[in-house]
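Inspection log for the structure reproduced underneath, given as C-alpha cells.
Along the sequence shown, residues carry numbers from 1. The structure displayed is predicted, hence computed values, not measured ones.
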Amino acid sequence: SSLRETELLREAKVASDKPAEGTGQVEGSEQQAMSYSLLFEEYQGIAHLEALELLSRECEGKVEFTLAGLSAEGLATVQRTLQSVASAFNLEELQGTEDSSDSTKGLLQVMELFSDVKLPLRVDKLTKISAKWRAKLEDREKLCSQDVEGGVCEGDRGSQNKGEASEGCADQEGTGSNRKQVLAMVYEDGLRSLAELTSATVELFRKLAELTLLPQGQEQDHLVQAKRFNRLTNLVSVELETLAALHAETITKLDPQNSNCNTTSLYLEASNSCSYVQDAYQLLCPVLKFSELQKSRVESN
C-alpha cells in the first residue's frame with residue numbers, strides 16, 4: 001500500500017542520514033547526495049504523498065459511513081455507480097512513446113487531457129520539469145564531448161586562452177578525472193529528474209483530490225475524471241522510464257566498462273518512482289467515490 005511506501009521512504013531517508021561505518025565524511029556526503037529518498041523529500045514528495053494518504057483515508061471512512069445509512073434499494077443503486085468509478089482505476093498496460101528524444105512529446109498530452117477541466121491546476125509543471133532535465137542532459141553530453149575531443153578540462157580553459165600550456169588537461173589522467181565528474185553529475189541528474197517529476201505528479205494528484213471535493217469539483221463527471229487520472233498516470237510512468245533510460249544510456253556511452261552499477265540504480269529508482277505515482281493514483285479512488293456520493297445527494301435534494 002502507499003502507506004507502506006511512505007514508511008519505506010522515511011526509513012530509507014534515516015538510513016541515508018547515517019554514513020556507512022568506516023567511510024569518511026566526504027564519502028558520507030556523496031552517499032547522501034545520491035540518495036533517492038532524500039531527493040524525493042527535498043522536492044516535498046513524501047509530504048505530498050502523506051497528505052494524499054490522509055485525505056484518501058478520510059474519504060474512505062466517509063464512504064463507508066454513508067453506505068451504512070442507506071436502505072437496501074438505495075445501497076444497490078449507489079454501489080453500481082461506485083463500482084463504475086472503481087473500475088476506471090484499473091491501470092492499463094503502459095505504452096511507450098514512439099520518439100523518446102522529443103523533449104515533451106508524451107507529457108504534452110497531459111495539457112490536452114485537462115484542457116476542458118474548469119479547475120485551477122498547473123499541469124504544465126510536469127512538462128516543464130521533463131524538458132528541463134532533458135535539456136540539462138544534452139548540455140552534460142556536449143560538455144564531456146568537447147572536453148574529451150579537445151583534451152581540455154573546464155577549469156583550465158582560461159590558462160590556454162592566455163597561451164599557457166595546459167599539460168594537466170592534455171594527459172589521459174586529467175581527461176579521465178573530468179569525465180568522472182561529468183558521469184557523477186549525469187547520475188545525480190538522473191536521480192533528481194525522477195524524484196522531481198514523481199514529487200510534482202503526487203502533488204498534482206493531491207491538488208486534484210482537494211479540488212474534487214469542492215462544489216465546482218463535484219460538478220465534474222467522476223467517471224471521466226477517473227479515466228483522465230488513469231491516462232495521466234500512464235503518461236508520467238512512461239516518461240519516468242524514459243528519463244532513466246536516457247541518463248543510463250549517456251552513462252554507458254561515457255564509461256562502458258564501469259556503468260553497470262549506476263545504470264541499474266537508475267532503472268530501479270524509475271521502477272520505484274512509477275510505483276509511487278501509481279499508488280498515489282489509487283489513493284484518488286476513495287476521493288472520487290465520496291465526491292460522487294456528495295453529488296448524488298445534492299441532485300436528489
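For the atom pair CG of L52 and CG of D279, the computed distance is 10.0 Å after rounding to the nearest 0.5 Å. Atoms CD and CG, on Q109 and L235 in that order, are 5.0 Å from each other to the nearest 0.5 Å. To the nearest 0.5 angstrom, S271 atom OG is 12.5 Å from L266 atom CG. The CG atom of L284 sits 11.0 Å away from the CG atom of N230 when rounded to the nearest 0.5 Å. To the nearest 0.5 Å, atom CG of residue L137 and atom CG of residue D189 are 7.5 Å apart. Once rounded to the nearest 0.5 Å, the distance linking OH of Y187 with CG of L191 reads 4.5 Å.
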Side chain to side chain contact (heavy atoms under 4.5 Å, CB included) assessment of T201 paired with L240:
CA-CA 11 Å; T201 304; L240 286 166; over 6 Å; no
Run the numbers on R122 and D124 for side chain to side chain contact (heavy atoms under 4.5 Å, CB included), then give the verdict.
CA-CA 5 Å; R122 284 286 311 279; D124 63 324; 2.9 Å; yes
For R206 and E210, what are the C-alpha separation, side-chain angles and deciding distance, and is it a salt bridge (charged side-chain N to carboxylate O under 4.0 Å, His left out)?
CA-CA 6 Å; R206 178 181 65 81; E210 293 170 348; 2.8 Å; yes
Could you walk me through whether H48 and Y43 pass the side chain to side chain contact (heavy atoms under 4.5 Å, CB included) check?
CA-CA 10 Å; H48 291 311; Y43 292 114; over 6 Å; no
Working for side chain to side chain contact (heavy atoms under 4.5 Å, CB included), residues V123 and L232
CA-CA 10 Å; V123 295; L232 171 61; over 6 Å; no
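Under a hydrophobic clustering in which Ile, Leu, Val, Met, Phe, Trp and Tyr are joined whenever their side-chain heavy atoms come within less than 4.5 Å, directly or via other members, L70 and F290 fall into the same cluster. Linking Ile, Leu, Val, Met, Phe, Trp and Tyr residues whenever their side-chain heavy atoms come within less than 4.5 Å leaves L49 and L54 in two separate clusters. Criterion: ILVMFWY side-chain heavy atoms under 4.5 Å apart, direct or through other members. Under it, L213 and L67 are part of a common hydrophobic cluster. Linking ILVMFWY side-chain heavy atoms closer than 4.5 Å, directly or via other members, places L223 and L211 in two distinct hydrophobic clusters. Taking hydrophobic clusters as Ile, Leu, Val, Met, Phe, Trp and Tyr residues chained together by side-chain heavy-atom distances below 4.5 Å, F89 shares a cluster with V202.
No side-chain heavy atom of L194 sits less than 4.5 Å from a side-chain heavy atom of N272. Residues S87 and Q83 are in side-chain contact: their nearest non-hydrogen atoms beyond the backbone lie under 4.5 Å apart. Residues L183 and N258 have side chains not in contact (no heavy-atom distance under 4.5 Å, counting atoms from C-beta outward). Looking at heavy atoms from C-beta onward, E53 lies in side-chain contact with R57 at the 4.5 angstrom threshold. No side-chain heavy atom of L204 sits under 4.5 Å from any side-chain heavy atom of K125. A heavy-atom distance below 4.5 Å is not found between the side chains of Q282 and Q278. When side chains are defined from C-beta on, F229 counts as touching L288, because their heavy atoms get closer than 4.5 Å.
Salt bridge absent: E58 and K62 never bring a charged side-chain N and a carboxylate O closer than 4.0 Å. Salt bridge absent: R140 and E188 never bring a charged side-chain N and a carboxylate O closer than 4.0 Å. Using a 4.0 Å cut-off between charged side-chain N and carboxylate O, E203 and K207 make a salt bridge.
A donor-acceptor pair is defined here as one N or O able to donate and one able to accept, closer than 3.5 Å; no such pair exists between the side chain of S199 and the backbone of A195. Although no hydrogens or angles enter the test, the distance criterion places a donor-acceptor pair under 3.5 Å between the side chain of S291 and the main chain of T212.
With no hydrogens or angles considered, a side-chain donor-acceptor pair links R228 and Q225 at under 3.5 Å. Counting only N and O atoms by type, the side chains of Y36 and S273 include a donor and acceptor under 3.5 Å apart.
In this pair, Y281 and F205 present their aromatic rings tilted. The plane angle is within the 30 to 60° band.
Of the options T77, V78, L82, a side chain to side chain contact (heavy atoms under 4.5 Å, CB included) to R80 is made by T77 and by none of the others. Under the side chain to side chain contact (heavy atoms under 4.5 Å, CB included) test applied with L246, the options E141, E241, E138, R134 reduce to a single match, R134.
Across L243 and S130, no two heavy atoms sit closer than the pair CD2-O, 4.5 Å. Of all heavy-atom pairs between L55 and A209, the closest is CD2-CB, 3.6 Å. Closest approach of V287 to S56, counting heavy atoms only: CG2-CA, 4.2 Å. Closest approach of S193 to H247, counting heavy atoms only: OG-CE1, 3.9 Å. Shown here for S237 and C274, the closest heavy-atom pair between the two residues is O-SG, 3.5 Å.
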